[in-house]
Peer 1: 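Once you've had a glance at the structure underneath, I'll fire off some questions.
Scope of the values below: all heavy atoms of this structure, side chains included, with no hydrogens, waters or symmetry mates.
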Amino acid sequence: MPELPEVEVVRRGLADHVQGRRVVRVDVFHPRSVRRHVAGDLDFAGRLVGHTVGGVRRRGKYLWLELDDAAPGSDALLGHLGMSGQLLLQDESAPDPVHLRVRVVFADGGPELRFVDQRTFGGLSVDELVGADAADSGETVPRAVAHIARDPLDPAFDVEATVSAMRRKRTGLKRALLDQTLVSGIGNIYADEALWRARLHGARPTAGLTRAAARRVLAAAAEVMTEALGQGGTSFDTLYVNVNGQSGYFDRSLAVYGQADRPCPRCGTAVLRESFMNRSSYFCPSCQPRPRRPHP
DNA sequence: AGACTGACCTGAACGC
DNA sequence: TGCGTTCAGGTCAGTC
């Protein structure tokens, strides 16, 4: 399940291996994988061919390859891995993976960029770059990413503004952590881990949080994702760009996620699993007591 | 306007 | 053995 650290691992791998390369051919094998490109797969391919990959950027779980340059109005190849997406660099002689959805071929004859996605929740599109925020920083993001908040590892991430925005919400803390327009990059796994580190229950109403508690959980999220990145980063020295986290090492370090009935690493109490938003939440009932007035 | 739900998708694991 | 059910969960259109 790619969340911020996994996407960042991919970004680094791509930056090392596709920057400066010119696209000569694009094959789209599954229309759903380019559904965000409303002009269709032919237009998608046409906007890539002939262009050279510039910088490789990321915000939250979104990743994009600047085409030619980063100026507003220029195009970028935007990608989201969804649940099962992978961006692989593979030699043209390597057999096509079963779930190969899009192939990008480069002029130098080197390894192809292959978008592989079993469940097709992810996707690619070509999107125009726009100014990142009102301030004239010169930073640009694809139009489709403009509504996504900065993530906790972004140097320009504003903790105090995020704390204020969080406390203005009328929702539960875990919902808020998963809200990509409030703070991006956090998914179900790192939300549970951050809540555990901050000793807070996900049903705590955001409006009732102290600023200190809100800061604590955001700091915990940044910390756990930084640690995961450190471990995920060990495996991308080859042309194979690992994306889905399956071969990452961080799962050994998870305190509560997926650890139902196992002892909490801090106090030994059995970790609980609960259903939440059609998925699962894991927490320690001792370290993270349910609030007296939980947000439903 | 903001909060929330359901739909999308495939394959593995499980129960009977 | 096989069939049906559940689970994994990121995002956004649609609803209230």
Peer 1: Applying salt bridge (charged side-chain N to carboxylate O under 4.0 Å, His left out), which residue pairs with at least one partner in residues 55-83 of chain A are found, sequence neighbours left out?
Peer 2: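 Checked against salt bridge (charged side-chain N to carboxylate O under 4.0 Å, His left out) - neighbours excluded - the pairs reaching residues 55-83 of chain A are A:Glu8-A:Arg58, A:Arg47-A:Asp75, A:Arg57-A:Glu66, A:Arg58-A:Asp151, A:Arg59-A:Glu139.
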Peer 1: May I ask you to say what A:Arg168 touches in the nucleic acid, namely base, sugar-phosphate or nothing, with a heavy-atom cut-off under 4.0 Å?
Peer 2: nothing
Peer 1: Using side-chain heavy atoms (C-beta onward) and a distance below 4.5 Å, is A:Tyr282 in contact with A:Leu254?
Peer 2: no
Peer 1: Without decimals, in angstroms, what is the distance between A:Arg35 CZ and C:dG10 C1'?
Peer 2: 10 Å
Peer 1: Looking at DNA chain C, which of residues 114-128 of chain A put a heavy atom within less than 4.0 Å of it?
Peer 2: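 DNA chain C contact set from residues 114-128 of chain A: A:Arg119, A:Phe121.
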Peer 1: Is it true that A:Asp96 and A:Arg114 make a salt bridge, defined as a side-chain N closer than 4.0 Å to a carboxylate O?
Peer 2: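 Result for this pair is yes, salt bridge flagged.
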Peer 1: Can you name the atoms? Protein N/O to nucleotides 11-15 of chain C N/O, anything below 3.5 Å, with the distance.
Peer 2:
unit_1 : atom_1 : unit_2   : atom_2 : d
C:dT11 : OP1    : A:His80  : NE2    : 2.2
C:dT11 : OP2    : A:Lys61  : NZ     : 3.3
C:dC12 : OP1    : A:Tyr62  : OH     : 2.9
C:dC12 : OP2    : A:His147 : NE2    : 3.4

Peer 1: Should A:Tyr190 be listed as having a side-chain N or O under 4.0 Å from OP1 or OP2 of C:dG10?
Peer 2: no
Peer 1: Just jot down the side chain to side chain donor-acceptor pair (under 3.5 Å) partners of A:Arg22, sequence neighbours excluded, or say none.
Peer 2: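 Testing A:Arg22 for side chain to side chain donor-acceptor pair (under 3.5 Å), a comparison that skips the adjacent residues, returns none.
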Peer 1: Any side-chain donor-acceptor pair under 3.5 Å between A:Thr181 and A:Asp179?
Peer 2: yes
Peer 1: Does the side chain of A:Arg167 pick up a donor-acceptor pair with the side chain of A:Thr206 at under 3.5 Å?
Peer 2: no
Peer 1: Distance under 4.0 Å to a non-hydrogen atom of chain A counts as contact; along DNA chain B, which nucleotides mark the start and end?
Peer 2: B:dA3 to B:dG11
Peer 1: Is A:His295 touching bases, backbone alone, or none of the nucleic acid, heavy atoms closer than 4.0 Å?
Peer 2: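 The residue A:His295 makes sugar-phosphate contact but no base contact.
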Peer 1: Distance-only, no hydrogens or angles: does the A:Asp91 side chain make a donor-acceptor pair with backbone N or O of A:Ala94 under 3.5 Å?
Peer 2: no
Peer 1: Using only atom types and a distance under 3.5 Å, with no angle test, would you say the side chain of A:Asn188 pairs donor to acceptor with the backbone of A:Ser280?
Peer 2: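 Side chain of A:Asn188 to backbone of A:Ser280: a pair is present.
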Peer 1: Under 4.0 Å between a Lys/Arg side-chain N and an Asp/Glu carboxylate O for A:Asp127 and A:Arg143?
Peer 2: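 Salt bridge: no.
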Peer 1: Using heavy atoms to find the nearest nucleotide of DNA chain B for A:His30 and A:Arg175 separately, return the residue whose nucleotide is more 5′.
Peer 2: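 So the residue in question is A:Arg175.
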Peer 1: Each residue besides A:Leu272 in its hydrophobic cluster should be listed here, by chain and number; the cluster joins Ile, Leu, Val, Met, Phe, Trp and Tyr at side-chain heavy-atom distances under 4.5 Å.
Peer 2: A:Phe283
Peer 1: Looking only at atom types and distance, does a side-chain atom of A:Glu112 sit under 3.5 Å from a main-chain N or O of A:Arg103, one as donor and one as acceptor?
Peer 2: no
